[in-house]
Amino acid sequence: AVLSGVSAHDGSQLSCVYLLDFKKEEPVVFEEINDNILYYVEHLNNNYCCIIGEKACYTLNARTKSMKTTNYDGKTLTAFDVNTDTDTFSLSLSRSGDGRMCDVFSFSTSGALKHEFSTELMIRSLSTYKNRVAALTTDTLYLYTKDGHELSAETAGLAPHSAVLYSTNDAYILGASEIRRLEL
């Protein structure tokens, strides 16, 4: 299991990552991360875990007990998607203070950057399926290839909250009062 916790030390935020083996009393890996709140941790496979934080993301190699850091360089995380079917994860980082002008980054299991592209969009939700990326704004769902070629855009309905791709051209949209199926 992989899990995280948060506390404070000398007035600074302190997050911790624990990699557990249930056959052992002590954590296999224990990492302290200063000044970064962790939002999400997930096993990608038996050897790698991804960790999504406020200011950086990390890939933990369970075999070598090492952690790779990818800093956001002052950009703001607006959305992320962890795809355990393909052992990958993707992030949307805003170059603007108001959440617009997002860059989308897709990483491999080991945390290597595989694809990236830039948009002018304010991305609220991100979902990936095979070589596709769905980016949800306040009213529209955009479908891209992972290298940034826009394939389609469809109205997402009233007050969309999140989107999930379930095929290369189909998604579900969670709205304020409904779940919609959308063909892209």
Side-chain angles (χ1 to χ4, degrees), residues 1-6 15 17 36-45 48-59 70 72 75-109 111 113-184:
V2 62
L3 57 111
S4 66
V6 64
S15 295
V17 175
N36 192 10
I37 297 296
L38 302 181
Y39 296 137
Y40 190 83
V41 295
E42 178 82 39
H43 272 282
L44 294 173
N45 59 29
Y48 289 96
C49 305
C50 76
I51 301 147
I52 309 295
E54 177 185 27
K55 298 177 182 175
C57 64
Y58 309 87
T59 308
T70 302
Y72 301 159
K75 296 177 184 172
T76 303
L77 178 68
T78 64
F80 64 89
D81 179 63
V82 178
N83 189 322
T84 55
D85 290 336
T86 57
D87 299 337
T88 61
F89 61 101
S90 299
L91 308 170
S92 168
L93 301 176
S94 172
R95 302 181 308 272
S96 166
D98 64 0
R100 293 177 301 112
M101 301 173 47
C102 288
D103 297 327
V104 177
F105 300 93
S106 296
F107 297 89
S108 70
T109 304
L113 181 62
K114 299 273 294 184
H115 303 281
E116 67 179 288
F117 64 92
S118 296
T119 73
E120 300 299 314
L121 303 176
M122 180 186 293
I123 298 174
R124 299 177 55 160
S125 176
L126 199 63
S127 181
T128 59
Y129 185 88
K130 296 186 178 178
N131 193 37
R132 300 286 192 261
V133 176
L136 179 66
T137 65
T138 56
D139 60 358
T140 305
L141 184 65
Y142 294 86
L143 184 65
Y144 293 93
T145 62
K146 280 198 173 177
D147 60 3
H149 176 72
E150 185 180 324
L151 300 172
S152 64
E154 295 290 333
T155 301
L158 290 173
H161 179 268
S162 60
V164 175
L165 278 175
Y166 66 92
S167 78
T168 54
N169 296 315
D170 299 292
Y172 287 113
I173 305 290
L174 174 63
S177 62
E178 67 179 354
I179 298 174
R180 292 184 58 209
R181 181 176 173 271
L182 196 61
E183 292 181 33
L184 298 160

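All heavy atoms count here, side chains included; hydrogens, waters and symmetry mates do not. A quick note: this is a predicted structure, and the numbers were derived from the prediction, not measured.
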Enumerate donor-acceptor pairs with a distance under 3.5 Å from any side-chain N or O in residues 162-184 to protein atoms, sequence neighbours excluded.
unit_1: Tyr166; atom_1: OH; unit_2: Arg181; atom_2: NE; d: 2.5
unit_1: Tyr166; atom_1: OH; unit_2: Arg181; atom_2: NH2; d: 3.4
unit_1: Ser167; atom_1: OG; unit_2: Asn169; atom_2: N; d: 3.2
unit_1: Ser167; atom_1: OG; unit_2: Asp170; atom_2: N; d: 3.1
unit_1: Ser167; atom_1: OG; unit_2: Asp170; atom_2: OD2; d: 2.7
unit_1: Arg180; atom_1: NH1; unit_2: Ala156; atom_2: O; d: 3.1
unit_1: Arg181; atom_1: NH1; unit_2: Glu183; atom_2: OE2; d: 3.2

| query | Is any side-chain heavy atom of Leu151 less than 4.5 Å from a side-chain heavy atom of Tyr144? | reply | no
| Residue pair Val133, Leu126: steps toward the side-chain contact (heavy atoms from CB on, under 4.5 Å) verdict | CA-CA 7 Å; Val133 176; Leu126 199 63; 3.6 Å; yes
| query | How about Phe89 and Phe80: are their ring centres within less than 6.0 Å of each other? | reply | no
| query | Is it true that a side-chain atom of Thr140 and a backbone atom of Thr155 form a donor plus acceptor pair closer than 3.5 Å? | reply | no
| Glu150 versus Tyr142: any side-chain heavy-atom pair under 4.5 Å? | yes
| task | Could you tell me whether the side chain of Thr128 and the main chain of Arg132 form a donor-acceptor pair under 3.5 Å? | result | no
| request: Answer yes or no: are there more than 12 heavy-atom neighbours, outside Ile37 itself, under 6.0 Å from its atom CD1? | output: yes
| So, the side chain of Asn36 versus the backbone of Lys55: is there a donor-acceptor pair under 3.5 Å, distance only? | yes
| Straight-line distance of Lys75 NZ to Leu91 CG, nearest 0.5 Å | 11.0 Å
| Does some side-chain heavy atom of Leu93 sit less than 4.5 Å from a side-chain heavy atom of Phe105? | yes
| Rounded to the nearest 0.5 Å, how far apart are OH of Tyr40 and OG of Ser4? | 11.0 Å
| said: If we count only N and O atoms by modelled type, under 3.5 Å, do the side chains of Thr78 and Ser92 hold a donor and an acceptor together? | reply: yes
| task | Mind listing the closest non-hydrogen atom pair of Glu116 and Leu113 along with its distance? | result | OE2-CD2, 3.2 Å
| said: Tell me if a side-chain donor or acceptor on Tyr48 pairs with a main-chain N or O of Gly111 at a distance below 3.5 Å. | reply: no
| So, for Lys146 and Thr88, which heavy atoms are closest and what is the spacing to 0.1 Å? | NZ-OG1, 4.0 Å
| task | Enter the distance from Ser108:OG to Lys114:NZ here, rounded to the nearest 0.5 Å. | result | 6.0 Å
| query | Heavy-atom distance under 4.5 Å between the side chains of Ile52 and Leu38, does that happen here? | reply | no
| remark: Glu42 and Val82 have their tightest heavy-atom pair at CG-CG1, 3.8 Å
| said: Testing the 3.5 Å rule here: is there a donor-acceptor pair between the side chains of Asp103 and Ser118? | reply: yes
| query | Is there a side-chain contact between Arg100 and Leu121, using heavy atoms and a 4.5 Å cut-off? | reply | no
| query | Looking at Ser90 and Ser106, what are the two nearest heavy atoms and their distance? | reply | OG-OG, 3.0 Å
| said: Quick one: does any side-chain atom of Thr109 pair with a main-chain N or O of Asp87 as donor and acceptor, under 3.5 Å? | reply: yes
| Test item: Ile123 and Thr119 side chains (from C-beta on) under 4.5 Å apart, heavy atoms | yes
| Nearest atoms (heavy-atom pairs only) where Leu3 meets Val41 | CA-CG2, 3.8 Å
| task | Determine whether Ile51 and Thr59 make a side-chain contact, defined as any pair of heavy atoms from C-beta on separated by less than 4.5 Å. | result | no
| said: With heavy-atom distances below 4.5 Å as the criterion, would you say the side chains of Ser96 and Met122 are in contact? | reply: no
